[in-house]
Amino acid sequence: MSGTTRAIGASTPRLDAADKATGRAEYADDVARPGMLYAAIHTSPHAHARIRGYRLEAARAIPGVKAIVTGADLAGPHCGGIIKDESMVARGKVRYVGEPVAAVAATDPETAGRAAAAIEVDYEPLEPVLSIDAALAPGAPLLHEDYPSYVKTVQGGGHGNVVFESTVEEGDVERGFAECDTIVEATWETQAQHHVYLETNGCVADVDASGRITLYATCQSVHHIQQRVAEELGEPMSRIRVRATRVGGGFGGKHASNIHSIAAWLARAARRPVKLVLSRMQDFEIQRSRHPARVWMRTGARRDGTILARDVRVTIDGGAYADESPPVLAFALLMSRGPYRIPNVRARGAAVYTNKLRAGSFRGFGNPQASFAGESQIDELARALGLDPVELRLKNAMRPGDTAFGGQQVPSCVLRECIERVRAAQRAAPPLAPRPGRRRGVGYAALSHISGLMGTAASVQLRTDGSIALATGCVDIGQGSDTVLVQICADALSVPIDRVSYAPQDSDSSPYNWKTAGSRSTYMTGRAVALATHELRAKMLAHAGDMMECAVEDLELRPGGLVGLKGLPKAVSFKEVALRSLFHSGGPIAATHGFVFDGPGFDPKRAAIHQLAFANLGVYTYGAHCVEVDVDEATGAVEVRRAWCAHDPGRAINPAACEGQIQGGFVQGIGYALTEAMHWNAEGWLTTTTLADYKVPGVLDCPVEILPILLEDPDPTHPVGAKGVGEISLVGAAPAIANAVADATGARVRRLPMFPERVLAAIDARA
Amino acid sequence: MSTPYPLALQVNGAEHRLEAALGDTLLTVLRDALALTGAKRGCNQGVCGACTVLADGEPVRACLTLAHECAGREIVTIEGAAGRAQALQEAFVETGAVQCGFCSPGMILTAAAMLERTPRPSADEVRAGLSGNLCRCSGYRKIVDAVLRAAETGAP
Ligand code: FES
Ligand code: FES
């Protein structure tokens with residue numbers, strides 16, 4: 001056993017990789033229970049309609065049908081995040097095409113599907129509201145007539161079809177603009193992007209003889225699903241158990257629960273296990289998307305490039321239900337200043353309801369929309385000032401000790417280094433040969449994001465043989481948190497990682513974790529793991545001190561599971577410590593640590609904040625992207641040739657995992673920038689419901705070279721200095737590519753995705 | 001339920017006698033009747049490649065292939081990976097090419113068939129060979145590296 005290599009900083013292969021590569025890993029659709037039924041969902045054919053009634057006789061008469069649920073069966077309160085406006089199946093009204101209206105459980109999938117189709121619903125169609133403008137038009141049909149009576153955990157001034165409104169303001173914007181020599185202004189539009197985790201959403205609900213339900217779910221939090229299902233079924237949480245399966249990707253799309261209650265309800269009604277796994281088409285139709293957004297932005301600077309003022313208005317299209325719209329809006333506003341020192345900034349925003357799929361949490365969480373506008377505008381400002389866009393960024397970049405928008409102090413900030421490193425790397429790279437008919441351009445984006453939010457906990461236990469049992473509620477959704485958390489624990493005890501077991505997430509036993517979201521697993525849960533392990537170590541040392549009759553201060557951990565007496569060969573093994581503890585302290589040595597993000601909140605003396613769905617956020621992370629693109633002069637097609645992505649993971653616990661996050665995030669950003677768009681027709685039907693119609697990047701759409709650059713600057717608030725890089729890696733792609741397209745062609749594309757025809761139109765519009 | 005008909009399938013070197021409806025896909029039969037869940041249903045639309053298995057050494061999309069068409073063909077799923085496929089599994093793990101892992105079985109079997117034809121591929125050949133398989137997590141870079149690494153190691 002070699003304990004000399006540190007667990008932290010090693011690109012250890014992931015603990016779950018071999019199971020996944022050999023087909024052993026169990027995902028939601030791989031779960032099977034004896035006597036299992038299959039669920040099918042009857043979905044709405046209308047974007048907006050009143051439900052007058054249901055006719056279920058035909059469906060009930062089909063042999064093999066065991067349970068049916070419709071909105072008429074639901075009596076409990078509405079559910080949801082900050083605004084409780086939704087139910088597992090529609091009640092009273094449908095608000096988007098594809099909305100679950102009823103569900104059936106039957107003995108096989110085919111019968112379930114036939115029964116779902118046999119359900120008849122009597123609708124009174126209403127006029128659909130399909131865009132931000134239509135939602136805000138005077139006299140627009142209301143999606144939620146009952147909005148005033150909904151339970152809201154944060155008040156956001158909603159009215160009409162407005163879900164939430166927020167404002168953040170620092171300094172005096174009007175005065176700031178009055179001192180500017182150059183002002184630029186424009187509007188950007190972004191589309192609905194779907195997560196397209198390769199595993200569609202699904203779960204299996206099992207039920208025991210007492211009616212207690214166990215859900216096996218692909219998810220981003222067992223605790224969240226447990227709470228939502230209990231609320232929706234009117235059961236105490238003690239009667240709902242949720243266990244995470246392996247998760248085939250999440251990216252925010254499995255962050256909030258919506259379908260789990262359906263499976264649980266049907267299982268309870270049929271008293272049999274029920275599997276509900278969405279088809280790809282239904283996953284597109286009934287899950288969630290990134291918010292389409294319109295961002296108007298105005299930025300002004302002095303002749304020398306000092307940026308003095310920015311005014312922003314963000315409107316996001318939240319779709320039919322509020323879901324995460326209030327916090328996405330808030331975060332978009334907070335990110336709209338960009339990572340710059342701008343003394344006078346005003347950001348105002350609204351989220352609106354429309355008759356489309358709900359928009360919700362998605363990697364970046366409002367930042368991609370804000371940064372597409374902001375980082376595009378920095379280039380336009382540089383052009384108007386006659387300055388180099390990289391120099392303009394460096395001149396205004398935040399530095400350590402500055403405050404973020406909202407007033408929090410930022411102790412560590414490597415933004416300037418990130419920008420300089422990607423520029424130097426691009427300049428040092430051997431130039432790619434020019435290609436006939438293509439114009440080459442280089443573009444940059446500077447970025448910030450957060451890592452933090454809410455509460456989490458970890459528990460750690462010394463087993464009787466001296467090995468370690470670690471448990472947290474953090475679900476690994478593919479980003480590698482299982483491995484990283486074990487590395488943190490093993491490192492703190494100087495043992496190899498195979499001496500630490502990591503428990504799968506189970507709401508019956510896992511310590512609380514809010515969600516795998518907000519780039520928070522390494523930072524938040526990692527902190528909890530480190531501090532719980534430190535406490536465990538202290539308890540172990542106290543036992544060892546008794547055993548060796550010496551003071552704890554004279555003890556040290558030795559690699560490989562030993563507690564030794566400093567300066568002497570004398571030592572006791574973890575196993576001996578563990579066995580002693582059974583008889584001296586009545587059980588295994590254990591420790592837990594839980595906390596809520598405890599960093600500074602917004603500073604009311606600096607920033608006037610109105611109706612923000614957060615009190616504090618997290619620690620800040622910084623990054624910069626540089627891309628080279630080729631634009632086809634004839635077709636307008638954009639090809640990303642190379643990319644350099646500098647990021648600040650604080651301390652890279654597992655550098656290969658950080659690189660994988662950066663490369664994967666950047667490629668999801670390429671999809672957002674160039675090809676991915678959900679499209680609804682004039683009746684509100686989603687027309688992009690296959691992976692052939694909705695184009696996610698394949699390997700040939702990606703550059704060969706996506707070069708991650710890790711700039712480690714340990715975060716002072718984390719015991720091992722780590723921060724998350726899961727989301728920020730997506731954020732820079734779209735603006736950097738847009739800036740590169742402008743560099744190549746002189747044309748500015750302000751609408752995503754940058755389809756070839758939009759690029760050609762922008763080229764034509766130059767004159 | 002549609003009428004089942006008897007079917008003999010050769011999977012991972014063993015013969016299985018079972019019943020399947022004429023419309024049942026190979027993916028459904030592998031996953032539901034044989035409990036070989038390593039082939040993943042990413043789209044059931046023939047686009048993502050997560051369901052890829054080998055039929056007589058050629059990669060096929062199990063979601064687009066009818067089970068009865070496979071009578072008499074030698075099917076290999078990820079559970080039966082050997083030789084090149086096994087070297088690929090190891091390379092995927094070592095290189096960090098597995099994130100959520102949902103694409104991994106299909107990627108590995110597609111790559112195994114490619115290495116059978118082209119044992120020493122260039123990076124561009126690997127990219128072309130994997131162009132029909134989607135991965136949403138990795139950005140593909142480490143997957144391409146893993147295939148090149150497995151090719152270097154050679155088949156065991
Ligand atoms: S599941 Fe067969 S190609 Fe996607
Ligand atoms: S690792 Fe998640 S889809 Fe490839």
Counting C-beta onward and ignoring hydrogens, is there a side-chain heavy-atom pair between [X] and [Y] closer than 4.5 Å?
{"X": "B:Lys142", "Y": "A:Gln663", "value": "yes"}
{"X": "B:Glu79", "Y": "A:Arg24", "value": "no"}
{"X": "B:Arg136", "Y": "A:Tyr197", "value": "no"}
{"X": "A:Asp29", "Y": "B:Lys40", "value": "no"}
{"X": "A:Arg14", "Y": "B:Val93", "value": "no"}

Any donor-acceptor N/O pair, [X] side chain to [Y] backbone, under 3.5 Å:
{"X": "A:Arg280", "Y": "B:Arg41", "value": "no"}
{"X": "B:Gln99", "Y": "A:Gly660", "value": "yes"}
{"X": "B:Tyr140", "Y": "A:Pro697", "value": "yes"}

Taking side chain as everything from C-beta outward and backbone as N, CA, C, O, which of these in [X] sits under 4.5 Å from a heavy atom of chain B? Side chain, backbone, both or neither.
{"X": "A:Thr689", "result": "backbone"}
{"X": "A:Val699", "result": "both"}
{"X": "A:Val196", "result": "both"}
{"X": "A:Val277", "result": "neither"}
{"X": "A:Ala25", "result": "backbone"}
{"X": "A:Glu26", "result": "neither"}

Most chain A-contacting option - heavy-atom pairs closer than 4.5 Å, from [options]:
{"options": "B:Cys135, B:Ser104, B:Gly42", "value": "B:Gly42"}
{"options": "B:Gly132, B:Gly46, B:Gly96, B:Ser131", "value": "B:Ser131"}
{"options": "B:Pro105, B:Gly139, B:Gly49", "value": "B:Gly139"}

For the residue pair [X] and [Y], what are the closest heavy atoms and their distance?
{"X": "B:Ala128", "Y": "A:Leu700", "answer": "N-CD2, 4.2 Å"}
{"X": "A:Thr22", "Y": "B:Ile78", "answer": "O-CG2, 3.8 Å"}
{"X": "A:Ile706", "Y": "B:Arg141", "answer": "N-NH1, 4.4 Å"}

Could you give the distance from [atom1] ([X]) to [atom2] ([Y]), rounded to the nearest 0.5 Å?
{"X": "A:Ile477", "Y": "B:Cys100", "atom1": "CD1", "atom2": "SG", "answer": "9.5 Å"}
{"X": "B:Phe102", "Y": "A:Thr200", "atom1": "CZ", "atom2": "OG1", "answer": "6.5 Å"}
{"X": "A:Leu691", "Y": "B:Cys48", "atom1": "CG", "atom2": "SG", "answer": "6.5 Å"}
{"X": "A:Lys20", "Y": "B:Ile108", "atom1": "NZ", "atom2": "CD1", "answer": "12.0 Å"}
{"X": "A:Glu199", "Y": "B:Cys103", "atom1": "CD", "atom2": "SG", "answer": "12.5 Å"}

Neighbour count >12 (heavy atoms, 6.0 Å) for atom CZ, A:Arg641: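 Counting neighbours around CZ of A:Arg641, more than 12 heavy atoms of other residues, nucleotides or ligands fall under 6.0 Å, so yes.
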
Chain A contact via [X] - side chain, backbone, both or neither, heavy atoms under 4.5 Å:
{"X": "B:Gln89", "result": "both"}
{"X": "B:Ala81", "result": "neither"}
{"X": "B:Val144", "result": "side chain"}
{"X": "B:Arg31", "result": "side chain"}

Top contributor to chain B contacts, counting heavy-atom pairs under 4.5 Å, from A:His195, A:Met281, A:Gln479, A:Gln661: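 Top option by heavy-atom pairs under 4.5 Å: A:His195.
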
Top contributor to chain B interface from A:Asp701, A:Val667, A:Leu198 [non-hydrogen pairs under 4.5 Å]: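 Between A:Asp701, A:Val667, A:Leu198, the count favours A:Leu198.
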
